[in-house]
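Contents: one structure, followed by commentary.
Within every chain, numbering begins at 1; the chains are lettered A, B, ... in the order of the sequence lines, protein sequences first and strands thereafter.
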Amino acid sequence: MLRIIRAALLVLALAPAGAFANTGVAFVHGTGKQTNALADYWTSAFVNSVRQGLPNTANFVVVNCDFTQYMWDSRAAGCLAGQLHSFVTTRNITDLVIITHSNGGNVMRWILSNPTYDSRYPTIIQRTRWVNALAASSAGTPLADAVISGNVFEAALGWLLGYQSDAVRQQQVSWMAYYNANNLLGTSGRPTLPRGFWNVVGTDVSSAPWSTQAYCAGYTQSVGLEFTQNWLASCSDGFLNCTSQRAAGTLWFNDVNRTGGRFLNHNQSRRDCFGLDVILRNDL
Amino acid sequence: MNPTSKASSMRLLALALLPVAALALAQRGPALAPPAAGDLVVGQLAAGVRTPAADVERRPLEFFQPLAADTRLEAAPPHLAESREYWQRVDGDALRAGYALALTAPGAVVLVSPAAGAEPLVRSQLAIDSNGSRLPLDRAGDTLVDAQALRAAGMEVAPGSVGFRLRPGFEADAALVVAGALGDYVLHVFEPASRDVASARAQADTVHAGGTVQVQVALAGGGRIEAASGVLVSPAGQAFDVDYAAAADGGLVGTVAVPAGAGGEPGLWDLRTSVAASGRAGAFQRDVRIAVAVVAPVARLNGEVERAVRRVDGALELRLGIEVASAGRYELRGVLHGTDGKGARVALGLAQAAAWLEPGTGTLALAFPVLSGGSVSGPFELRDLQLVDQTRIAVLERRALALRFD
């Protein structure tokens with residue numbers, strides 16, 4: 001109920017949509033360079049399920065960008081802005097729901113926080129209803145620190161353990177603390193974002209072989225996420241602490257509160273696991 | 001739907017693409033407030049800083065978003081980093097012989113990663129020496145995992161890495177043995193249950209080129225710092241040694257000067273401190289890292305302020321003078337507060353304005369539309385003012401309270 005009320009206030013304040021809104025949905029992937037995110041990142045089953053909530057099920061876009069770069073890079077936010085701007089203008093989308101996963105939330109938050117950086121940004125912001133941020137990496141992750149430390153690039157040594165992307169560097173905890181305090185909106189003590197940023201939080205990982213929870217979206221991923229939890233707090237999705245997932249915007253729901261008590265690990269929160277697709281579909 | 005609010009914001013956005021409308025009787029002032037403790041202010045400008053070749057927006061843009069009246073802005077102190085872990089570069093000879101892990105608590109999480117050119121590892125190669133016995137990882141450790149599983153989980157470890165968690169009971173004298181290790185490896189030991197925690201916090205999260213980065217380092221848990229070393233590393237990989245001195249509170253203060261020509265490249269600088277300490281369980285190591293921004297001081301507020309009401313939409317416009325040393329796209333952003341009928345300070349909204357500026361004197365104007373509803377009057381305050389170098393992704397100046405006027 002609170003989410004609905006908040007949404008109504010935002011509509012009043014920056015009113016992008018009226019009674020004849022043309023609703024669309026955009027899927028924004030996480031860290032990585034995607035050329036076929038529909039198949040490789042989200043899966044067709046997930047996207048096709050979610051978009052059934054649209055009045056016109058063809059009004060969707062699955063973004064493919066290079067999110068191995070810093071969030072502000074032309075290949076990251078620039079690419080994202082280009083695809084979203086093209087989507088809303090060519091299809092006359094006036095009511096855009098953006099679904100992000102992991103670091104995709106940071107790239108989207110760069111756009112929302114820096115509307116004067118790129119002339120496409122204000123149009124995107126004005127036509128956006130809200131962002132549904134699945135497992136957002138808003139405060140970074142100790143796992144990024146773990147792979148960077150001991151491997152920090154030095155000109156005299158190069159990368160000791162192999163190249164690490166700028167996106168991984170950016171998601172180190174102290175780096176995201178800096179960007180949240182200086183370049184991004186929506187965290188505690190900062191101005192709010194111009195659009196709602198609603199977090200879906202994964203709170204644990206199930207990897208027991210006898211647990212059916214562990215198999216949705218791949219058992220191998222669940223095993224790895226069980227180990228990575230060692231670097232994280234007791235509340236985490238295996239890649240991100242719950243505190244990071246909640247750091248920006250507003251909590252929509254913790255996984256167990258809407259999935260019948262089942263966890264959404266970091267891999268499952270971008271798949272049609274435990275009814276997540278239906279929840280997102282009904283939100284449109 | 002509130003058509004006035006939507007219309008105001010739409011007009012504001014539209015104005016960004018038109019020549020600046022004539023102002024109604026612009027007046028000088030108010031004066032820029034003197035900087036307060038914690039503010040970031042540019043001293044000497046740096047000319048001739050290379051303008052990145054990146055595809056930078058050239059159109060002037062402005063944006064306004066209303067904020068809730070009860071918005072409370074609070075500048076966060078520099079990030080406090082805490083560490084219960086260390087990294088060590090270890091060669092294959094030492095790993096084959098057995099490398100002491102120097103643990104302080106049970107349940108250590110260990111990750112061994114081959115450096116470039118080293119032999120990749122499999123789980124069966126690893127064992128633990130403890131209490132005179134050599135035990136395979138299947139017995140001494142649990143939750144064994146290889147690089148494939150970790151990379152599938154999104155943790156980008158080096159190929160050929162192996163991770164495990166040490167079972168309780170081995171922490172007193174555990175040594176890691178890796179049969180067949182060849183080349184250099186990075187050993188990462190994380191002790192989630194340890195009470196020995198190193199912490200680091202920079203004195204300021206942003207430093208202008210030519211300035212000094214200062215970091216406070218402390219060790220909690222009863223241990224004593226025996227020695228410390230560290231480096232400040234730029235995004236391009238230049239490393240500068242940090243000097244450490246004892247602090248009055250028993251910790252350390254690290255200091256490192258930043259070259260005058262630094263900054264201008266994207267990304268943050270990484271200050272790494274490695275602490276050798278002794279505690280209840282013997283000698284141990286902690287590595288702790290923080291990030292700081294090193295910024296080329298290519299522009300600054302020059303103190304000139306003009307205030308006017310825009311004819312076309314009645315927006316309050318605050319025009320601030322900018323002294324520019326290097327061409328680039330610069331942005332000004334700030335939050336306007338007013339006073340409600342009860343005399344309380346209330347937030348009105350966040351305004352942002354950006355434009356390409358050439359060297360010399362320029363101006364950027366923050367526009368605050370007339371907001372209908374409620375009774376908000378002066379005194380007004382412009383708070384949380386930032387001057388940002390959008391070309392180089394750098395915050396140049398930051399003032400908690402910039403202007404106050406009736």
Side-chain angles (χ1 to χ4, degrees), chain A residues 11-15 18 31 70 72 74 78 115-119 122 126 143 145-147 149-156 158 160-162 164-166 168-169 172-175 177-178 180-183 188-192 194 218 220-221 223-228 230-231 238-239 266-267, chain B residues 1-2 5-6 9 13 54-55 57 59 61-63 65-67 71 73-76 79 81 87 109 113 115-116 143 145 149-150 152-158 163 165 186 188 190 192 205 233 236-239 266-268 270 272 287 289-291 293 331 335 350 352-354 390 393 395:
Chain A
V11 169
L12 286 173
L14 290 167
T31 300
Y70 289 123
W72 57 80
S74 61
T116 65
Y117 186 77
D118 184 312
S119 59
Q126 195 249 347
L143 301 185
D145 289 79
V147 297
S149 297
N151 188 25
V152 175
F153 175 76
E154 286 188 42
L160 189 63
L161 300 179
Q164 288 291 347
S165 72
D166 287 337
V168 174
R169 295 167 89 172
Q172 295 176 90
V173 173
S174 61
W175 283 53
Y178 178 87
N180 282 329
N182 289 280
N183 304 90
S188 177
R190 296 278 287 154
T192 54
T220 303
Q221 286 81 355
V223 171
L225 290 167
E226 187 81 51
F227 186 82
T228 54
N230 285 298
W231 276 281
F239 187 78
H266 198 67
N267 193 46
Chain B
M1 178 184 303
N2 183 332
S5 295
K6 176 171 187 260
S9 66
L13 289 173
D55 187 16
E57 177 67 58
R59 304 166 92 181
L61 293 170
E62 53 184 38
F63 191 89
Q65 66 176 87
L67 297 175
T71 296
L73 303 177
E74 195 174 323
H79 176 71
W87 288 260
V109 178
S113 301
T143 325
V145 70
L150 289 175
M155 189 176 180
E156 296 294 322
V157 299
R165 186 173 58 202
V186 174
H188 177 195
F190 172 52
D205 66 4
V233 184
Q238 285 183 295
L268 301 176
D270 188 67
R272 290 179 273 159
D287 297 329
R289 294 165 52 243
I290 56 169
E331 182 206 60
V335 178
L350 166 68
Q352 303 171 49
Q390 288 190 337
I393 313 297
V395 176

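Looking at every heavy atom in both residues, Gly224(A) comes nearest to Ala153(B) through C-CB, 3.6 Å. Nearest heavy-atom pair, Tyr178(A) versus Asp205(B), reported as atom, atom and distance to 0.1 Å: CE1-O, 3.4 Å. Pairing each heavy atom of Pro194(A) with each of Phe63(B), the nearest pair is CB-CE2, 4.4 Å. Nearest heavy atoms, Asp145(A) versus Trp87(B): O-CZ2, 4.1 Å. The nearest pair of heavy atoms linking Gly267(B) to Trp72(A) is N-CZ2, 4.1 Å.
In this structure, Glu57(B) CD and Ser119(A) OG are separated by 3.5 Å, a value rounded to the nearest 0.5 Å. Interatomic distance, Asp270(B) CG to Gln172(A) CD, rounded to the nearest 0.5 Å: 6.0 Å. A distance of 7.5 Å separates CE in Met155(B) from CZ in Phe227(A), rounded to the nearest 0.5 Å.
In this structure, chain A has a heavy atom under 4.5 Å from the backbone of Ile290(B), while its side chain stays farther away. Heavy atoms closer than 4.5 Å to chain B are found in both the backbone and the side chain of Trp175(A). Only the side chain of Leu350(B) comes within less than 4.5 Å of a heavy atom of chain A; its backbone N, CA, C and O stay farther away. Proximity to chain B involves both the backbone and the side chain of Thr192(A), based on heavy atoms less than 4.5 angstrom apart. If you measure heavy-atom distances from Tyr117(A) to chain B, the contacts under 4.5 Å come from both the backbone and the side chain.
Listed options Ala76(B), Pro266(B), Ala81(B) were ranked by heavy-atom pairs under 4.5 angstrom with chain A; first place goes to Pro266(B). Looking only at heavy-atom pairs under 4.5 Å with chain A, the residue among Gly163(B), Pro192(B), Ala75(B) that has the most is Gly163(B). Heavy-atom pairs under 4.5 Å with chain B peak, among Ser74(A), Gly238(A), Ser188(A), Pro115(A), at Pro115(A).
Donor-acceptor pairing under 3.5 Å is recorded for the side chains of Thr116(A) and Gln390(B).
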